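A quick write-up on the structure given underneath.
All heavy atoms count here, side chains included; hydrogens, waters and symmetry mates do not. Just so it is clear, the structure is predicted and the values come from calculations on it, not from any experiment.
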Amino acid sequence: MTVVYLNAFSHAVTSIHHGRDQPSVRGNVLRYRVGVLVALLLGTLCVSKPAPASAADDVCRSGSLSEASVSASVELNDRHRTQTKVLSRLTVHVPTEWPYATGLLLGKDSEEYRRAMRCLLRSEEGQAQWWGEWRSSHPVITSEKGGVRVQVDTYGWAERQGVLYVGPWDIDIGTDHWKVSLNPPALAQARWTSVTVKPGTSSILSATPRPSANDDDSGLVWRRKPGQEMPQLSVRLDPPWQRSWAAQQERLRFYLTDGTASLTWQWSTAALLLLGVRRMRRSGPLSPGEVLPVRAATWWAGICIVLSLLHIGDNVFYTVMRRHVDEGTWADRQAHHGLLINLALGWILFAFGRPRRLTIWLAAVVLTLPGVVVALSPRSFGLTANAFLAASSPDKAVLALFTATGCVFAFLLLGSVAAAWRLARTVGLVSRHPVSNPAGPAGARELSLRWTAPLLMLAVVVIGMCAASTSERNWQRASWLSAHADARYGIDHLQALRQDLAWFAVNSQDWWIGFAWWTLSGLVVLAVLRARAHRTAPAPQDPGPVDEFWMLLLFPLMVGLGLGVFVGNGTMAGLWFFLNLGSLALVIALCRGKGVLDQPLQRSGVNLRAALAPSRRRDLLDRARRFREVHAKLRRLDQGQSDDEAHNRRSLEHELRSLHRWRTSTGVADRLPSDVSVVDAALALGPDDSWWANGRRAARIAALVGLPGIAVGVVYWESTWAAAGFLLGALWRQLPGRRGPVRILPLAGAFALPIGVDAFGNWLTYEEQTNLALYAVSMLLVLTITSIVFDLRVFRSERRYWQSRLGLLLSVYQMRYFSLQIAYLLAQLVTLFTLWQFFTDGGGPPDRGSGNSGGGSGP
């Protein structure tokens, strides 16, 4: 009976310590308590006699570790972090008498090494997966006199409620309080030299047993007394509310408030799209070219609402159901319904794209059928209605789910491509077919399976391989000490991969739809802006109030960062949509009337913008070139300082005055503003005659300039910089400043203002600033280089007269300006590389989702 008692007790303890999923801990604790009660009852009925060796003694020979010297420490590092980082260090001097000591000196892939490390760290079982534990380096094994020294450094993140296992430590993360316990079974009889607990900024409510000292970092220290075994250590903590709230991601309240950010971004976009369409209709009848973009914007506003409900609503629904309905009924049904939800999302995007080729529609039907059949009739393939992919499911069930998931995800990509293709044609990003009629939109290239099918297959294969590689690496990390020779290892390994396959079937849309929504929303706005720019011929030189409204909407969608995630929760992130929009609106309002083109002529007071018609651009550029040549002669005369050249100087000054003469649009003689030169006027116009052409050219330049900078983040930063360049070019004539690097400062300020507010919020909540400064400096650098190239493009007709573009740039910037720009650029580059080196030095905390461009964290 005593053996039964010990086995039941050991099984209960093991079930707690080695559960993979955090939500199962509560069930393990319940089983543990039942096991303890049964054990106590059996113990009272048993004959009182010495108990035999425990199960740990039989497996790990813990009796031979009584002479081992052990020290352990744990630190809750929560300063300037969102989630608390738990760092553990275990140092053991293993005596040579221990039978497994020599196994520590073998390779890390040997079974002897794994068995020895399992016993030292936590478990005596052959199979153990520690999913919440991470290692920045391998354990350090060194030979010493009389044994082997082992040092193991591990860490984990307090991200959700439950028990977190890190090294020999158990961290019980509760709603209000946390508890830190020490629990290495095989080392219970060893000689513990010291145990240290550093609580960070958490308050210590109780500590058992009483600590021996308090070190310099406010940590509690327990030191071994003669004849004392390992202390049954337990420390109860009261964490700061910021760290406590950030660790409650599994709570329904946390999830619901966090999901409001995505809804705010998508619903606000829908509302502003409809508002913009209403303003266009009220401003006058739509031109033929505006009908289709306006119709697309109206439809996309409704689609934003539907996408948000399908994208976020299903997760909210299942989260609520798990807390009110039996877990076995709803917990795993997401894989069953996830296929249908992904198909619905794909068909919404596909219908919006409206491809015209029949083969595309046939491909959509073929990709849809496997997902529908598997989702509606899972038992036909060995899948169950509840668990969907149970541990006992046959191989054909895995193959069926794998096929259905791949086809559904491919169709989701196809729907996104069809929608993007339609908008790209409207924006003018898709070239026309050479033999088609260039006069109408029907001449644009149609979406074809010739290139779409191979690219979709390649994308699905690459994404699938990345997901499989991530799953495999995660398994190897969690099961690094499991006995690979045991048959159970292969079973658990296969089951883990199956679970990840079911997870991908459910959650693949969560990250893809957010990216697709962000991209397609930006294309919708660009399509309307292009239609507005081409509603009349010639295209308007400056954007009107309606055009500026659509530019304001483009800024939070494609340029501004989706920030506002504090203490791991995105409740406030929805405000950053309006903060980004408002920052650009503020810049436009403050810059209105302060640009070079807003200056009046000296005599008539007519606005300079009205006096610089596109037809007079060539005359202005010729005057600007002569202006630079005369100034170059004057600088050479100043270097000579000869009185004989006074006459030449007067003639050159007279020529400069004549270059300043100008005529109004009505032909009346006038003069340019006294503080505006012809070079300033030429640079203020930009290289093209309309705001759309300037915006398109600046977008291309910014995208090209930003190519080396995609290493800072991910690929979608290219779209962010291109959109920022477009807004710079579109607003070029309205921004103040005589040179490009000065003219970009208001737009860079609009980008940096929400970042500053987010940084202030991080300071209030004692969180990390991540790489916000890096984002701001990168945008400033890209816009600065773009503006310099933009200025250079104004005088592109003179390129053939100069040996290099640098020589032309020296002439445009009159040297003294150029030297300042070089110093300005060098300072930006030094700052950028310094920040890059700082933020890439060592491992950082988990990604909060902040810093995504274009509202990436919103949807």
Side-chain angles (χ1 to χ4, degrees), residues 529 533-534 536-544 547-548 551 588 591-602 604 606-628 659-665 670-702 725-747 783-784 786-799 805 808-809 811-814 817 821:
L529 284 172
H534 293 82
T536 59
Q541 300 181 47
D542 301 291
D547 305 323
E548 291 181 354
M551 292 179 188
I588 293 178
C591 294
R592 196 178 305 278
K594 297 181 174 61
V596 172
L597 298 181
D598 295 311
Q599 305 299 318
L601 297 178
Q602 291 187 15
S604 63
V606 176
N607 193 289
L608 181 58
R609 177 180 284 103
L612 295 178
S615 59
R616 306 191 64 182
R617 174 183 288 271
R618 171 51 54 193
D619 182 24
L620 181 64
L621 292 178
D622 290 340
R623 288 171 178 250
R625 181 184 177 187
R626 183 54 187 167
F627 180 90
R628 300 193 327 265
L659 291 175
H660 222 63
R661 296 170 184 169
W662 199 256
R663 289 184 179 274
T664 64
S665 57
D670 210 326
R671 295 185 62 84
L672 295 176
S674 58
D675 57 346
V676 175
S677 68
V678 287
V679 174
D680 298 335
L683 292 176
L685 289 177
D688 294 288
D689 294 331
S690 68
W691 63 267
W692 171 261
N694 277 335
R696 184 177 57 182
R697 185 182 297 276
R700 293 175 179 174
I701 296 174
F726 172 81
L727 290 177
L728 175 65
L731 299 173
W732 185 265
R733 298 167 182 255
Q734 301 172 239
L735 296 174
R738 301 186 183 184
R739 299 294 184 269
V742 178
R743 192 173 274 112
I744 60 101
L745 292 180
L747 188 61
L783 290 181
T784 299
T786 301
S787 67
I788 293 176
V789 178
F790 210 61
D791 284 343
L792 194 61
R793 293 292 296 173
V794 173
F795 298 97
R796 59 187 180 276
S797 60
E798 300 181 25
R799 172 66 183 88
R805 288 184 175 87
L808 176 58
L809 192 62
S811 174
V812 171
Y813 280 173
Q814 299 291 296
Y817 296 114
Q821 303 307 333

Nearest non-hydrogen partners of [X] and [Y], listed with the distance:
{"X": "Gly725", "Y": "Leu783", "value": "N-CD2, 4.4 Å"}
{"X": "Leu597", "Y": "Ala681", "value": "CD2-O, 4.4 Å"}
{"X": "Ala702", "Y": "Thr786", "value": "CA-OG1, 3.4 Å"}
{"X": "Asp547", "Y": "Gly544", "value": "OD2-N, 2.8 Å"}
{"X": "Arg617", "Y": "Asp688", "value": "NH2-O, 2.8 Å"}
{"X": "Cys591", "Y": "Pro736", "value": "SG-CD, 3.4 Å"}

Any donor-acceptor N/O pair, [X] side chain to [Y] backbone, under 3.5 Å:
{"X": "Arg796", "Y": "Pro687", "result": "yes"}
{"X": "His534", "Y": "Leu529", "result": "no"}
{"X": "Asp670", "Y": "Leu601", "result": "no"}
{"X": "Arg616", "Y": "Arg663", "result": "yes"}
{"X": "Arg733", "Y": "Arg609", "result": "no"}
{"X": "Arg743", "Y": "Gly737", "result": "yes"}

[atom1]/[X] to [atom2]/[Y] distance, rounded to the nearest 0.5 angstrom?
{"X": "Ser677", "Y": "Leu683", "atom1": "OG", "atom2": "CG", "result": "8.0 Å"}
{"X": "Arg793", "Y": "Asn694", "atom1": "CZ", "atom2": "CG", "result": "11.5 Å"}
{"X": "Leu727", "Y": "Ile744", "atom1": "CG", "atom2": "CD1", "result": "13.5 Å"}
{"X": "Thr664", "Y": "Leu608", "atom1": "OG1", "atom2": "CG", "result": "12.0 Å"}

For Arg696, give me all partners under side-chain contact (heavy atoms from CB on, under 4.5 Å), at least two apart in sequence or on another chain.
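Scan of Arg696 (side-chain contact (heavy atoms from CB on, under 4.5 Å), adjacent residues dropped) gives Trp692, Arg700.
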Who passes side-chain contact (heavy atoms from CB on, under 4.5 Å) against Ala539, sequence neighbours left out?
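Scan of Ala539 (side-chain contact (heavy atoms from CB on, under 4.5 Å), adjacent residues dropped) gives Ser690.
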Among all residues two or more places apart in sequence or in another chain, which pass the ring-ring contact (aromatic ring centres under 6.0 Å, His included) test with Trp732?
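Phe790.
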Is [X] salt-bridged to [Y], cutoff N-O under 4.0 Å?
{"X": "Arg626", "Y": "Asp622", "value": "no"}
{"X": "Arg739", "Y": "Asp680", "value": "yes"}
{"X": "Arg623", "Y": "Asp619", "value": "yes"}

Indicate yes or no: at least one non-hydrogen side-chain atom of Val742 is less than 4.5 angstrom from one of Leu735.
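Contact flag for Val742/Leu735 side chains = no.
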Taking the side chain as C-beta and beyond, is there a heavy-atom pair between Ile588 and Leu731 under 4.5 Å?
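Answer yes - side chains close enough.
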